**Q** 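This is the structure I have questions about; it appears just below.
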Amino acid sequence: MKARIAVLGGDGIGPEVVAEAVRVLQAVAQRHGHELALTPALFGGAAIDAHGDGLPPATLELCRGADAVLLGAIGGPRWSSPDAQLRPETALLRLRRELGVYANLRPVTVHAALRNASPLKAGVVDGVDFIFVRELTGGIYFGEKRRSETEATDVCTYSVTEVERITRTAGALARARRKRIVSIDKSNVLETSRLWRAVATRVVAEEFPDIALEHMLVDAAAMHLIRRPRDFDVLLTENMFGDILTDEASMLAGSLGVLPSASLGAASRGLYEPIHGSAPDIAGRGIANPIGTILSAALLLRHSLGLEAEAVAIEAAVSTALTDGARTADILGPGEKALTTREMGQRVLDALRDPR
Ligand code: NAD
């Protein structure tokens, strides 16, 4: 197949990790006979420096015309002073809105070779394999904001349509997995959560009768994610609860550096990025872990291009590299030697070319 992919390295370690994901995508394309046009563009702080705009028109045009967008990370201390006029984060929110992506998917799996990398006991994280479906464009982050001398207000709003469409995303995913959804809310206190619970219940009953739906209060979910993470399959959450719980859950896997994400909308075009930020503390040293970005490229093939076998090939290659002891500094065990970003990318490429 032929596909166009916009490649936005971004800032900090973004370009370093994206370079490895691009090499992996090129190798997969060559092996399976696909023509992937991978076109780079400036985005985030780098684009602010060059064009005075975090999302320049040329970058936006490229993304609009692409079948998928691969992103590294944006931001850094250089653009985050309290009086900064232009912020890279604003460019990311704009890009998500322009692409109409409303569902953020974050799979969390604990690779057997990394069972000791988590701060939790190996016995607790062994076999963890769940996916968050987080609503991305509604809720308190986007509601009206007011501030006076003496008080501040953030309005939280959800429409029936917003809850219906994200529940459908979760339902379709659950159907291809273990057929269980836990929907997370705070319905004992929040009106938006009571609406969320009612709509999720109706959509699952009417459209996904084969899926088991359980409701869980967000405070209990925070606890159960640590106590019995293996029990989860698909977790459905609104925007802010998802933001917080996904960072908590990332610790099960041991490092922010190994987890991918996909942001999807009604169209097949999606935005794919690792869950970590631009890591200014290690940027430019070539030591960042590229696995989260490489696995994001696998999600891109799966969700935007429909190339399931190719996605699985990348995931298997990552698994082989880790099983064989490939480690960057963030997932290093005692007595192990750290690879550079490029060397880790190469280990995945080697495993891809020589599958087990
Ligand atoms: P961060 O995720 O960049 O880094 C947190 C810690 O994890 C750091 O110690 C970092 O070195 C480490 N880390 C992250 N990714 C790693 C990788 N691939 N390999 C090895 N170690 C890795 O979070 P932060 O420090 O809070 O934020 C830094 C900047 O990134 C900020 O400007 C923030 O706004 C931005 N940010 C961007 C995104 C995004 O682009 N979507 C997401 C989160 C944060």
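A quick note: this is a predicted structure, and the numbers were derived from the prediction, not measured. Counting starts at 1 for both ligands and their atoms, in listed order. Both backbone and side-chain heavy atoms feed into the values below; hydrogens, waters and symmetry mates do not.
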**Q** Could you walk me through whether Arg115 and Asp126 pass salt bridge (Lys or Arg N to Asp or Glu O under 4.0 Å), step by step?
**A** CA-CA 6 Å; Arg115 60 195 293 266; Asp126 276 344; 2.8 Å; yes
**Q** Should the ring pair Tyr272 and His303 be called parallel, tilted or perpendicular, given that the plane angle runs from 0 to 90° and is split at 30 and 60?
**A** parallel
**Q** Within this structure, what is the OG1-CZ distance for the pair Thr137 and Arg165, rounded to the nearest 0.5 Å?
**A** 4.5 Å
**Q** Please state whether the rings of Phe132 and Phe130 are parallel, tilted or perpendicular, taking 30° and 60° as the class boundaries.
**A** perpendicular
**Q** What residues form a ring pair (Phe, Tyr, Trp, His ring centres under 6.0 Å) with Tyr102, not counting sequence neighbours?
**A** none
**Q** Can you pull the residues with any heavy atom under 4.0 Å from ligand 1?
**A** Ile13, Ala73, Ile74, Gly75, Gly76, Glu89, Leu92, Leu256, Gly257, Glu273, His276, Gly277, Ser278, Ala279, Pro280, Asp281, Ile282, Ala288, Asn289, Asp330
**Q** List the atom of Ala221, the atom of Met216, and the distance in Å for their closest heavy-atom pair.
**A** CA-SD, 3.6 Å
